[in-house]
Amino acid sequence: MDASVDRIALPWGSRTPYGRHEAWPERVDTCLEAGVDAGQVQRWVQTASVLHSDGDAMDIAVADGRMVGVRGRAQDRVNRGRLGPKDLFAWRANASPDRLTRPLVREDGRLVECDWATAMDRVVARSKELLDKRGPGSIGFYTTGQLFLEEYYTLAVLARAGIGTNHLDGNTRLCTSTAAEALKESFGCDGQPGSFDDFDHADVIALFGHNIAETQPVQWMRLLDRLEGGDPPRLVCVDPRPTPVARAAAVHLAPRAGTNVALLNALLHEIIRTDRVDHAYVEAHTVGFEELASGVEKCTPEWAATICDVPAGRIREAAEVLGTAERLLSTVLQGVYQSHQATAAAVQVDNLHLIRGMLGRPGAGVLQMNGQPTAQNTRECGADGDLPGFRNWQNDSHVADLARVWNVEPESIPHYAPPTHAMQMFRYAEQGSIRMLWISGTNPAVSLPELSRIRSVLEQDRLFVVVQDLFLTETAQLADVVLPAATWGEKTGTFTNADRTVHLSDKAVEPPGEARPDLEIFLDYAARMDFRDKDGGPLIGWQDPESAFEAWKRCSAGRPCDYTGLTYDKLRGGSGIQWPCNEQAPDGTARLYTDGITWAHPDVCESYGKDLVTGAASEVVEYRSLNPDGKAMIKAAEYLPPHEEPGEEYPFQLTTGRTIYHFHTRTKTGRAPQLNDAAPDVWVEASASDASSLGLEEGDLVEVTTPRGAMRGRLRVTDLRPGLLFVPFHYGYWDTKAGHEPGGDTPGRAANELTVTDWDPVSKQPLFKTAAAALRRVERADGHHAPAPTTTASAPARPGEVPATSGGPSALVTESGTALRPGREEDAR
Ligand SMILES: Nc1nc2c(c(=O)[nH]1)N[C@H]1C(S)=C(S)[C@@H](COP(=O)(O)OP(=O)(O)OC[C@H]3O[C@@H](n4cnc5c(=O)[nH]c(N)nc54)[C@H](O)[C@@H]3O)O[C@H]1N2
Ligand SMILES: Nc1nc2c(c(=O)[nH]1)N[C@H]1C(S)=C(S)[C@@H](COP(=O)(O)OP(=O)(O)OC[C@H]3O[C@@H](n4cnc5c(=O)[nH]c(N)nc54)[C@H](O)[C@@H]3O)O[C@H]1N2
Ligand SMILES: [Mo]
């Protein structure tokens, strides 16, 4: 049966209800360019989505050398054929006429086109000069969670062993560094314990600061299907906004922003008080339970109620649901990770699972979620603040092992200190010790906090900035050299989603003009720099994606993220496969820790842990005495208030985040008409009670101010918690209308003009979710309404007040499956 559905108006499409422990039915979503029918498609080329961490598998339709559409892959474990709105429509941005097609270099203050040799010569000359005069610490690399595994691994080798710098990190610092850190704190090592299949089996699913409906819409389709099927799960949602998840939840807790630890401590208090503890599990597999029990003894629901501004009874109700779950699945994302006690809070979710013994069984698992599509690979390849293969920088035998793989001396791999985190790299650039910053696949002039500061760092004459991107972004405009990259669909590689599923992404079409795959750019640089191993051979011996993948397999061998059982051929044709995949597990591994904790022993762990309050790193001696047998570590944390609290001048809390139709700084989704039109400009959300006490109305042009800066947008009045403002962070300047210039007299529209330079002490993830802000009207609505969607967390408090978001004929998508039931708009409300 087929249905044709406007997937802007109904982002989650038709329902395919299924019962608990049943297999999620297939539904294949297809979107072809207007005027193209399936018969005209000449090739379907296998890939997966790069617009979130779900890894929705899809095929790209190719006709006459052009992309003409996409279709979900029914055989894939992740999505069984379904695609989300961004997956369906954003591929059009690849063919956007303003793609970068030639390198650019700065001449007399202006960026001018040149050939590759000229651009690369400049980069190489500056690198050599800096190495010579100032040493490897003067060069930094800031990469992303959106390239392919092969590219990160190559970058990690060239930066760490070629240049010999410790300054290599990803924008994954802003995204999933807390996920990695929380897993290290609890389990000694990174690696997602759970599986998306757990959604099929859980009877209780708890989402902490995770608007999964908008940010992993395909897994939300799975939840909606279970909610309509037999033995549906009960949802617990912790989120201050009325997200679709909150509206569907059995218990919704809407805490004050930045109070997650207080709330979690009260939940743990209740579960321990009512003795819903799996004592046998705790005894066999953990250390630290007694400290947690005494730490949360005073954290009653009444205590937390005053801090979080959530009724004590509601906290008790949530604890009852969590405490009586037979199979509990929890997910954690930015509402937890982007706050001042990020790691401390994320670890409390791990604790909830450890004390309840909810791990390693179908339906019982934790998903410390990723955000970006390939963030997992940034982490495992060591292109972030870790060493490749989850090796421990403090463990000399791990460094020696890495040196063996690379055939270099251990001393040539910097490990005198933890790898430098991105916020620190920008500080070093500001202070002048970093003199060259190579930015690939990220747009920090929109995505980092406190943009006026970031602009001033990047604009400095003494800092040589290289930007490798698809478009002339806000960041590229500040660069000294711009390298045009080929992207998804135009190059081959692999990447790994949030539940360890590895997908192959094949090249479907040629890149525009002279744009080159990131892998080629890095290999070209390594060759020009003539990096050598200790025997005088080339440091990097691979030349294309597949040989890079084979090299990475050797580096991953015997590590938790073991890829040795995978090949490109094995990844072609069928479903993605979950690592570890090796001789012992040739078909991959659904869940980690099914039989005790495996990577926490002092000799094998990735990290010796940190103090959850100060972030101070422990030494091996401390770790050995805490955890000699390599069990899971239950770590208590005391609640600390947010660093910036509302006061007289800035009476609101401000939080920022996403909407379903856009991806980050919109370089792709802003160039796809269906997605752009659904949310074409920035807006500001406030609660009905705050709006009425300030005399504000839907559509008023308002200004939000913090101690860092200001931005303007139209007001959307929603059901979010009173005292809180929300601004989506997607809107930079590249397609801006007059009056929104960076640093100009009129306030811009980027959320990060407002945010603060501050981070979680443990994971170093910046605080995008808590700040103090003021709100005022600039202009009355006068017939305008906010350009915010009505289908999402941004739904107006008074439905009908604004026209419903819809996509029209160009947003029609074919859905094929047996027994589809029409989706309902109420799914969102
Ligand atoms: N449509 C879309 N999908 C995406 C992306 C995108 O840009 N657009 N980006 C991808 C990436 S990289 C990421 S990291 C993920 C992010 O995915 P999410 O984390 O789901 O998205 P956010 O909107 O950043 O934040 C989630 C929620 O945190 C809530 N929140 C704010 N403050 C607090 C708090 O103090 N406590 C709690 N409990 N909750 C709070 C917000 O109300 C918000 O609903 O999405 C991925 N998927
Ligand atoms: N206020 C606020 N700020 C936030 C957040 C928030 O919630 N609130 N969330 C944070 C999070 S979780 C994240 S992940 C970051 C995201 O922040 P960014 O990573 O800066 O945002 P993107 O727009 O995804 O930028 C990716 C860039 O890479 C380019 N690109 C895409 N594909 C390729 C490729 O194949 N090769 C190359 N070379 N370039 C490519 C794109 O054109 C784009 O310019 O933002 C963070 N900033
Ligand atoms: Mo992210």
Side-chain angles (χ1 to χ4, degrees), residues 103 105-106 114 116-143 151-170 381-385 387-388 393 399 402-403 405-422 424-440 457-458 460-468 478-483 518-542:
V105 290
R106 195 165 289 279
C114 66
W116 272 98
T118 306
M120 291 308 284
D121 279 350
R122 280 215 192 175
V123 178
V124 168
R126 185 61 73 106
S127 306
K128 288 188 171 160
E129 184 197 323
L130 284 170
L131 279 176
D132 201 37
K133 292 207 181 116
R134 293 174 172 267
S138 60
I139 302 180
F141 295 86
Y142 181 48
T143 190
E151 298 169 330
Y152 297 129
Y153 184 55
T154 304
L155 177 60
V157 182
L158 81 80
R160 296 200 189 285
I163 299 283
T165 180
N166 211 15
H167 310 322
L168 163 61
D169 199 7
C381 292
D384 66 343
L387 292 186
W393 65 271
V399 177
L402 187 61
V405 175
W406 289 349
N407 194 34
V408 299
E409 298 296 345
E411 306 79 71
S412 62
I413 303 171
H415 60 285
Y416 52 86
T420 316
H421 64 89
Q424 189 67 44
M425 279 171 43
F426 276 82
R427 181 76 182 128
Y428 287 158
E430 186 172 42
Q431 291 172 322
S433 68
I434 287 184
R435 290 294 172 108
M436 167 172 155
L437 189 59
W438 186 332
I439 299 170
S440 49
V457 171
L458 293 175
Q460 297 173 95
D461 275 344
R462 67 180 179 194
L463 181 71
F464 184 74
V465 177
V466 181
V467 171
Q468 188 167 314
L478 304 174
D480 296 288
V481 176
V482 179
L483 304 174
D518 296 277
L519 179 65
E520 258 181 49
I521 301 173
F522 293 143
L523 288 175
D524 184 24
Y525 176 72
R528 287 170 191 264
M529 292 295 290
D530 198 26
F531 296 130
R532 298 277 156 179
D533 67 12
K534 69 177 181 195
D535 298 322
L539 174 67
I540 294 176
W542 49 94

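Computed from heavy atoms alone, side chains included, the values below leave out hydrogens, waters and symmetry copies.
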Residues at least two apart in sequence or cross-chain that pass salt bridge (Lys or Arg N to Asp or Glu O under 4.0 Å) with Glu430, listed by chain then number, are Arg427, Arg453
- [ ] Measure the shortest side-chain to side-chain distance between Ile439 and Gln468 over non-hydrogen atoms and say whether it is less than 4.5 angstrom.
- [x] no
From the list Leu458, Val467, Val465, side-chain contact (heavy atoms from CB on, under 4.5 Å) with Leu478 holds only for Leu458
- Task: For the pair Asn166 (side chain) and Gly137 (backbone), establish whether a donor and an acceptor sit closer than 3.5 Å, ignoring hydrogens and angles.
- Result: no
query: Where the side chain of Gln431 meets the backbone of Phe426, is there a donor-acceptor pair that is under 3.5 Å apart?
result: no
Here the pair of heavy atoms bringing Ala422 nearest to Gly170 is CB-O, 4.2 Å
Of all heavy-atom pairs linking Val124 and Tyr525, the shortest is CG2-CD1, 4.0 Å
Interatomic distance, OG@Ser138 vs CG@Asp132, rounded to 0.5 Å, equals 10.0 Å
Residues passing the side-chain hydrogen bond (donor to acceptor under 3.5 Å, both in side chains) test with Thr165, sequence neighbours excluded, are none
Answer yes or no: is there a donor N or O on one side and an acceptor on the other, between the side chain of Asp533 and the main chain of Asp535, under 3.5 Å?
yes
Contacts satisfying salt bridge (charged side-chain N to carboxylate O under 4.0 Å, His left out) that involve residues 159-169 (not counting sequence neighbours) are Asp169-Arg173
Rounding to 0.5 Å, atoms CG (Asp121) and CZ (Arg528) come to a distance of 5.5 Å
When rounded to the nearest 0.5 Å, the distance separating CZ of Phe531 from CH2 of Trp406 is 12.0 Å
Nearest heavy-atom contact between Ile540 and Ala526 is CD1-CB, 3.8 Å
Quiz item: Do Phe141 and His167 pass the ring pair (Phe, Tyr, Trp, His ring centres under 6.0 Å) test, and can you show the C-alpha distance, the side-chain angles, and the key distance before you say yes or no?
Solution: CA-CA 6 Å; Phe141 295 86; His167 310 322; 9.9 Å; no
Quick one, Phe464 with Leu437, criterion side-chain contact (heavy atoms from CB on, under 4.5 Å). Give me CA distance, side-chain angles, the key distance, then yes/no.
CA-CA 6 Å; Phe464 184 74; Leu437 189 59; over 6 Å; no
Heavy-atom nearest pair, Asp384 first then Pro419, reads O-CB, 4.4 Å
Are Ser127 and Trp438 close enough that a side-chain donor and a side-chain acceptor fall under 3.5 Å?
no
Give a yes or no answer on whether the side chain of Arg435 reaches the backbone of Ile139 with a donor-acceptor pair at less than 3.5 Å. no
CD (Glu129) and CZ (Arg134) are apart, to the nearest 0.5 Å, by 9.5 Å
Value for SG (Cys381) from CG (Leu155), rounded to nearest 0.5 Å, stands at 10.0 Å
Note: Tyr153 and Trp542 closest approach over all heavy atoms is CE2-CH2, 3.7 Å
Report task. Examine distances only and state if a side-chain atom of Gln424 and a backbone atom of His421 form a donor-acceptor pair shorter than 3.5 Å. Result -> no
- [ ] Taking Arg122 for its side chain and Arg106 for its backbone only, find out whether a donor-acceptor pair lies under 3.5 Å.
- [x] yes
Please step through side-chain contact (heavy atoms from CB on, under 4.5 Å) for the pair Leu131 and Met529, ending with a clear verdict. CA-CA 11 Å; Leu131 279 176; Met529 292 295 290; 3.9 Å; yes
One should read off an interatomic distance between Met436 CE and Asp480 CG, to the nearest 0.5 angstrom, of 10.0 Å
Smallest heavy-atom separation, Val481 atom then Ala119 atom, equals CG1-CB, 4.0 Å
Passes side-chain contact (heavy atoms from CB on, under 4.5 Å), Leu519 versus Ile521? Steps please. CA-CA 5 Å; Leu519 179 65; Ile521 301 173; over 6 Å; no
